[in-house]
Amino acid sequence: MAKLTLTFDNGPTPGITEQVLDTLADRGLKATFFVIGEKLASAAGRELAERTRAEGHWLGNHTMTHGEPLGLLEDPRREAAEITDAQAALGELSAPARYFRPTGHGSVGPHLLSRTAADVLTSGGYTMVLWSLFVRDSKMPEGWADRALQRLPESEWHVLVVHDLPTGAMDQLPGFLDAVDSMGIEIVQEFPEACTPIRGGQPSAELDDLYVTRREISSVSGDH
Ligand SMILES: [Zn+2]
């Protein structure tokens, strides 16, 4: 049976994240929310994160400020702080593991991590979670569900990224989930090994492709 893992990035967003949580609860589904650390500073953001965790979803670290990808920052102190400050903001809400998702403009490549960031993740026991299905729902909310549904048969286990942001995209979530169900695809909360190049601090062989050495930065930034 094909599987799909749902991830919601860049929240929590009052007024939108509730809608996502209600939709998931109606269907008995569990997901992971990769939150931006600074969004937990407001009482509303914090309450939403607490509700998310209380309803059985996982909360992951999606950097403190969601700035440039960590491989492009060229400032080791900021690279480390983007991870550790967000982890401190999550505190005990981070569970059951230290899940981290880098910012990456939607693409997987050597811009995702600096050497410093990779060291922080491995020494801190993090699990880095990438994705396989990115449908540009925040820039092109129209039709994201159809784009995702078309690509689902490509893989036995996709990890989808969408965003609980006020773009209107989440209005398509109920219809999308109904279609996934009718395709016989099982929605699971776990992540496939192919999308976790660091697990509990242990790097896989593919990790070397995900951080840049200083001399490579200019060519990588030229792509974005
Ligand atoms: Zn993001």
Side-chain angles (χ1 to χ4, degrees), residues 4-17 19-21 24 31-42 45-46 48-49 52-53 57-73 78-90 93-94 97-114 117-118 120-121 126-141 144-145 147-148 151 158-170 172-173 176 189 191 195-198 210-212 220-221 223-224:
L4 173 65
T5 302
L6 302 172
T7 62
F8 297 89
D9 284 13
N10 293 26
T13 307
I16 305 297
T17 305
Q19 179 190 344
V20 173
L21 291 172
L24 296 174
T32 300
F33 290 72
F34 286 96
V35 300
I36 298 174
E38 63 184 8
K39 290 194 174 181
L40 301 182
S42 72
R46 187 85 203 163
L48 271 175
T52 302
R53 183 71 195 121
H57 305 291
W58 294 340
L59 285 165
N61 175 337
H62 193 37
T63 76
M64 191 61 183
T65 69
H66 205 279
E68 276 295 289
L70 299 181
L72 306 180
L73 277 183
R78 279 180 60 212
E79 292 154 20
E82 282 287 341
I83 300 168
T84 56
D85 288 358
Q87 197 60 33
L90 272 166
L93 293 175
S94 168
R98 289 181 157 203
Y99 291 124
F100 173 78
R101 170 168 282 164
T103 62
H105 302 312
S107 61
V108 171
H111 59 297
L112 291 183
L113 292 182
S114 62
V120 168
L121 295 175
Y126 288 83
T127 293
M128 179 160 83
V129 181
L130 302 181
W131 56 89
S132 60
L133 197 47
F134 185 85
V135 290
R136 308 206 171 276
D137 63 290
S138 47
K139 295 239 165 63
M140 294 193 295
W144 75 259
R147 295 195 290 279
R151 290 184 50 197
H158 263 306
V159 177
L160 173 71
V161 180
V162 288
H163 299 82
D164 47 335
L165 289 171
T167 60
M170 291 301 94
Q172 294 170 48
L173 185 63
F176 171 74
Q189 196 169 19
F191 307 107
C195 286
T196 50
I198 303 173
L210 297 175
Y211 62 81
V212 286
V220 171
S221 5
D223 293 340
H224 295 280

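Keep in mind that what you see is a predicted model, and the values were worked out from it rather than measured. Atoms within a ligand are numbered from 1 in the order they appear, just like the ligands themselves. We use all heavy atoms of the structure for the numbers below, so side chains are in, but hydrogens, waters and symmetry mates are not.
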Can you tell me if Trp131 uses its side chain to pair, donor with acceptor, with the backbone of Val108 under 3.5 Å?
-> no
Short question: side chain of Lys39, backbone of Asn10 - any donor-acceptor pair under 3.5 Å?
-> yes
State the atom name: nearest N, O or S atom of His66 to the Zn ion (ligand 1).
-> NE2
What N/O/S atom of His62 is the closest to the Zn ion (ligand 1)?
-> NE2
Would you check if the Zn ion (ligand 1) lies under 2.8 Å from any N, O or S atom of Asn10?
-> yes
Check the side chains of Thr103 and His66 for a donor-acceptor pair under 3.5 angstrom, ignoring hydrogens and angles.
-> no
Arg46 atom CZ, over 12 foreign heavy atoms within 6.0 Å | yes
